[in-house]
Visitor: 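Okay, handing you the structure first.
Computed from a predicted model, the values in this text were never measured in an experiment. Below, all heavy atoms of this structure are taken into account, side chains as well, without hydrogens, waters or symmetry copies. Proteins come first, then strands; the chains are lettered A, B, ... in the order of their sequence lines, and each starts at number 1.
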Protein chains: 2
Amino acid sequence: MQNWDDLRIFLATARAETLSGAGRVLRCDAATVARRLARLEERLGQTLFVKSPGGYALTDAGVRLLPAAEAAEQAAQAAVDAVGDAEEGLSGQVRIGAPDGCANYLLPQICARLVRDNPGLELQILAVPRVVNLSKREADLAISVSRPSGGRLLSQKIAEYHLTLAASEAYLAGRAPILSRDDLIGHLLVGYIPDMIFDAELDYMSEAGLEAAHVASNSAAVQVNFLRQGAGIGLTHAFALPSAPELRRVLPDEIVLKRSFYLVRHADDKQRRLLSEVASRLAQEMRSEIAQLEACS
Amino acid sequence: MQNWDDLRIFLATARAETLSGAGRVLRCDAATVARRLARLEERLGQTLFVKSPGGYALTDAGVRLLPAAEAAEQAAQAAVDAVGDAEEGLSGQVRIGAPDGCANYLLPQICARLVRDNPGLELQILAVPRVVNLSKREADLAISVSRPSGGRLLSQKIAEYHLTLAASEAYLAGRAPILSRDDLIGHLLVGYIPDMIFDAELDYMSEAGLEAAHVASNSAAVQVNFLRQGAGIGLTHAFALPSAPELRRVLPDEIVLKRSFYLVRHADDKQRRLLSEVASRLAQEMRSEIAQLEACS
DNA sequence: AAAATGCTTTGCAAAAATGCAGAACTGGGA
DNA sequence: TCCCAGTTCTGCATTTTTGCAAAGCATTTT
C-alpha cells in the first residue's frame, strides 16, 4: 500500500455512498475524492466502486476492502488517543447522537459542564429523528430509547425517565378541569407523527390509551413548543417541564409512562479511553440531571 | 487524524532511526520525510522524535504512538491482501530472510518455481549473515536455524538437513587418504569466523571435535567456494554438494551433523493469506529439495 | 413536458508537496 | 590533528495535488 491515506478517502466514500457526501465529511472537493479513488483503484488493480450519477456503490472488491479500511480507522483513532491524553483531563472530539428530546433538554447543560471542566474536550450533539447509525460512524456515542438489536454494539442502561401529560396554563384555563381520564375526551392532542415513529418505545399515545394526535411533529422539542403555545395536551418528558414554566402536568398520578435511556457505542471502540470516560460521565450526569429536573415540577 | 499516510512515514522513521534510512525504504527524499514528520508532530501537538545529526530517536509520545502505527500497517497490508488474491494464484510481494547457505543453495530454484507458477507473485531473498529482525520488518518471512527466543513470533520446523565434511578432488588427490578422524590432523580447515557466529547452531566445528578453521568466512557460500578452490577441508551443507561437482565427501559415515530449518513469521501476520500460502509452499518445497539434493551426492 | 435538483466529470489556475543540491554539523579513524 | 562518511537542514525549481467553475446526466418535481 503506497498511501495509507487513500484508505481514509475510500472509507468515507463507502459510507457516504456519494463523492460529494464524502467530500463534505473529508472537507475537500468531490473532484479530489474522485481522483484519489481513481488512483487507489489503479494501484490496487481493482475497481472498488460502480460509478453512476446517483452515487458510488461498492463492488465486491470494495466490500472486501471495507474491513481493512475500518481497521485502519481504528488504528488512526488509537494514534491520536495515544499521544493526546497522556496527562490529566479529557481532550479530543466526540460526537454524541441522541433523540431530540434528550438532545434538547438534557445534553446541552451536561455537555456544557463537561467541556468547561475539560478544556481540551470538544463535544458535538447530533440530534436525529431516527436511530443513529453508529456503524456508519455518524457518531461516536449514541443515546437510544431501546437496546440496539444487532451489530457489533455495546449498550448500557443509563437512567430511567418519565413521560407525563402536560398542557399550558393558558390552554387549561379556558376549559373544564381534567380530573379523570375520561375528561380528556374532546381535547386537542399533541404527539408524534404516527408513521415517523422510528422506535416502538416512542409510541406513547397508544400505550397511554390515547387516540392519534391532532397536532403532531417528529420532534419532541417541537411538541413541547406546541404545548407552550397552547395547542393542546400532550405526553412529554417530565424533565422538559422545568424549562417550560407555563406548562402544567395533567393527571400526574394517573398517567405516567416509564422509559429508559441507553448508551450505545461501537464494540471496536472499547479501547478508546476518551470515549469510555465521556460515556461514564455522561451517564452519571444524565442520571442526576433527570432526577433533579423531574423533582422540581 | 488528518492524514493516515503520515503514520506510514512515522513508522518507517521509527524503525530506520534515521531520516535518510526511512527515505530509502519509503523511496522518497529525506527532506520529505522530515517535513511530513514535522507536520505530523504539529498536528498531534506532540514532539515524536528527538532530532540529532546522529539520527531520529523516539520520544515518550513517539513510543506511545508506535503500536497504533503498527496496527495501521496491519490494516494497510490486510487491504492489499483483501483485494489482491480473490481469484486463483498468489500475488503480491513477500521478502524472505534466510541464512546464506539456504539462500544460495535452496531458495533460488524454489523461489523460481514459485514465481513461475504464480505470475503475480514477487519474491525477494534477503541473505543475511545474522538473524533477521522480523520485528523491524526487514522481511515478511524468515528461515532460521533455531527457534526464535521471544517476541511475538510464530515458528514452525520445516525440514532437517545434514552437514558433512567435504573437500575438492584436487585437494584430496595430493594427500594421503583420510580414513579415520585422526587422519584429519594437519589438514587445512575451512569454517566460520568464530566471533561472527550469530547462532549457536552454527558452531559446527567444535561439535564435530575439529579445531578452529585456518580459512574462514562468515558466509557458508564463500566457504564452499573455498573448498572448490582446494583451500582445505570443511563442514558444509550436504545440499550444497550437487552444485559443486568437484567436491567429495570426507568421512561421510563418521562425521554427520544434523540441523533443522525453522520458518518464522510475525504473529501479527497470521491472517495474511498470502504469507501463509507462501510459507506452506516454501516449507514443502524445501523438504523435497533437501531430500533430493542430499540423495544425489 | 419542462424545470430543477442532485450527482459526476473535466479543464484550468492556484496551492502544496516533492526532489535536488548545497551548507552545516557530528563522530570516528588514520 | 585532519579528514571522511554519515547525518539533518534549507532554499529553489519542478512536479503533483487540490479547489473551483462549468458542463453533462439522470432522476424527481412542477
Side-chain angles (χ1 to χ4, degrees), chain A residues 1-44 46-59 61-62 65 69 72 76 130 133 136 138 195-196, chain B residues 1-44 46-59 61-62 65 69 72 76 130 133 136 138 195-196:
Chain A
M1 170 82 32
Q2 309 196 37
N3 190 341
W4 296 359
D5 200 52
D6 287 341
L7 288 177
R8 193 172 112 258
I9 275 72
F10 165 81
L11 190 55
T13 311
R15 285 186 181 139
E17 292 172 331
T18 179
L19 284 189
S20 24
R24 268 188 295 278
V25 0
L26 295 173
R27 287 180 214 305
C28 71
D29 198 84
T32 303
V33 179
R35 284 185 283 242
R36 293 189 60 174
L37 288 179
R39 182 177 71 180
L40 180 63
E41 288 186 335
E42 185 185 11
R43 287 184 178 165
L44 290 177
Q46 292 273 349
T47 129
L48 267 15
F49 294 95
V50 310
K51 292 98 171 170
S52 84
Y56 270 37
L58 286 175
T59 64
L65 187 55
R130 56 183 171 78
N133 192 336
K136 286 205 175 180
E138 291 178 344
D195 50 311
M196 296 209 53
Chain B
M1 170 82 32
Q2 308 197 35
N3 189 340
W4 296 358
D5 200 51
D6 287 342
L7 288 177
R8 193 172 114 259
I9 275 73
F10 165 81
L11 189 56
T13 311
R15 287 188 180 136
E17 294 172 329
T18 178
L19 283 190
S20 25
R24 270 188 293 279
V25 0
L26 295 173
R27 290 190 210 327
C28 71
D29 198 84
T32 302
V33 179
R35 285 185 282 242
R36 294 189 60 174
L37 288 179
R39 183 177 71 181
L40 180 63
E41 288 186 335
E42 185 186 10
R43 288 184 178 164
L44 291 177
Q46 292 272 350
T47 129
L48 267 15
F49 294 95
V50 310
K51 292 99 170 166
S52 83
Y56 271 37
L58 286 175
T59 64
L65 186 56
R130 55 183 171 77
N133 191 336
K136 286 206 175 180
E138 290 179 345
D195 50 310
M196 296 209 53

Visitor: Under 4.0 Å from a heavy atom of chain A: give me the 5'-most and 3'-most nucleotides of DNA chain D that qualify.
Guide: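 Using the under 4.0 Å cut-off, the span is D:dT17 to D:dA26.
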Visitor: Which pairs, with at least one residue in residues 1-20 of chain A and sequence neighbours excluded, count as a ring pair (Phe, Tyr, Trp, His ring centres under 6.0 Å)?
Guide: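 Listed once each, the pairs are A:Phe10-A:Phe49.
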Visitor: Tell me, which pairs form a salt bridge (Lys or Arg N to Asp or Glu O under 4.0 Å) where one or both residues lie in residues 11-26 of chain A, sequence neighbours left out?
Guide: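 The answer is A:Arg15-A:Glu73, A:Glu17-A:Lys136.
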Visitor: Identify the nucleotide, in any strand shown, that forms a Watson-Crick or G-U wobble pair with D:dT30, with both distances under 3.5 Å; if there is none, say none.
Guide: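 Across all strands, the one nucleotide that pairs with D:dT30 is C:dA1.
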Visitor: Do any N or O atoms from the side chain of A:Thr59 and from the backbone of A:Val50 form a donor-acceptor pair under 3.5 angstrom?
Guide: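 A pair under 3.5 Å: no.
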Visitor: Under the ring pair (Phe, Tyr, Trp, His ring centres under 6.0 Å) rule, what pairs show up with a residue in residues 19-39 of chain A, not counting sequence neighbours?
Guide: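 Every candidate ring pair (Phe, Tyr, Trp, His ring centres under 6.0 Å) pair involving residues 19-39 of chain A fails, so no pair, neighbours aside, qualifies.
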Visitor: Just to verify, what does A:Ser52 make a side chain to side chain contact (heavy atoms under 4.5 Å, CB included) with, not counting sequence neighbours?
Guide: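 Partners of A:Ser52 under the side chain to side chain contact (heavy atoms under 4.5 Å, CB included) test: none.
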Visitor: With ring pair (Phe, Tyr, Trp, His ring centres under 6.0 Å) as the rule and sequence neighbours excluded, what pairs involving residues 14-36 of chain A come up?
Guide: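 Residue pairs passing ring pair (Phe, Tyr, Trp, His ring centres under 6.0 Å), neighbours aside: none found.
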Visitor: What pairs of residues pass the ring pair (Phe, Tyr, Trp, His ring centres under 6.0 Å) test when at least one of them lies in residues 20-44 of chain A, not counting sequence neighbours?
Guide: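 Passing the test, one end in residues 20-44 of chain A: no pairs.
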Visitor: Is a side-chain donor or acceptor of A:Glu41 paired with a backbone partner of A:Leu48 at a separation under 3.5 angstrom?
Guide: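 Judged by distance alone, yes, a pair lies under 3.5 Å.
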Visitor: Within the sub-3.5 Å range, which N or O atoms of nucleotides 5-7 of chain C have a protein N or O partner, and how far apart are they?
Guide:
from, atom 1, to, atom 2, distance (Å)
C:dC7, O5', A:Ser20, OG, 3.1
C:dC7, O3', A:Thr18, OG1, 3.1

Visitor: Tell me, for nucleotides 14-19 of chain C in 5' to 3' order, what letter each nucleotide earns: B for a base near a protein heavy atom under 4.0 Å, S for only sugar-phosphate near one, - for neither?
Guide: ---SBB
Visitor: Do any N or O atoms of the protein come closer than 3.5 Å to N or O atoms of nucleotides 27-30 of chain C, and which pairs are they?
Guide:
none

Visitor: Apply side chain to side chain donor-acceptor pair (under 3.5 Å) to A:Ser20 and list each qualifying residue two or more places apart in sequence or on a separate chain.
Guide: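 Partners of A:Ser20 by the side chain to side chain donor-acceptor pair (under 3.5 Å) criterion, ordered by chain and then number, come out as A:Thr18.
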Visitor: In residues 27-38 of chain B, what donor-acceptor pairs under 3.5 Å come from side-chain atoms, sequence neighbours left out?
Guide:
from, atom 1, to, atom 2, distance (Å)
B:Asp29, OD2, B:Ala31, N, 2.9
B:Arg36, NE, B:Asp6, OD1, 3.1
B:Arg36, NH1, B:Asp5, OD2, 3.3
B:Arg36, NH2, B:Asp5, OD2, 2.8
B:Arg36, NH2, B:Asp6, OD1, 3.1

Visitor: How about A:Leu19 and A:Lys51: do any of their side-chain heavy atoms sit closer than 4.5 Å?
Guide: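 Contact flag for A:Leu19/A:Lys51 side chains = no.
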Visitor: Scan A:Leu26, A:Asn3, A:Thr13 and name whichever one has a side-chain contact (heavy atoms from CB on, under 4.5 Å) with A:Arg8.
Guide: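 Result for side-chain contact (heavy atoms from CB on, under 4.5 Å) with A:Arg8: A:Leu26.
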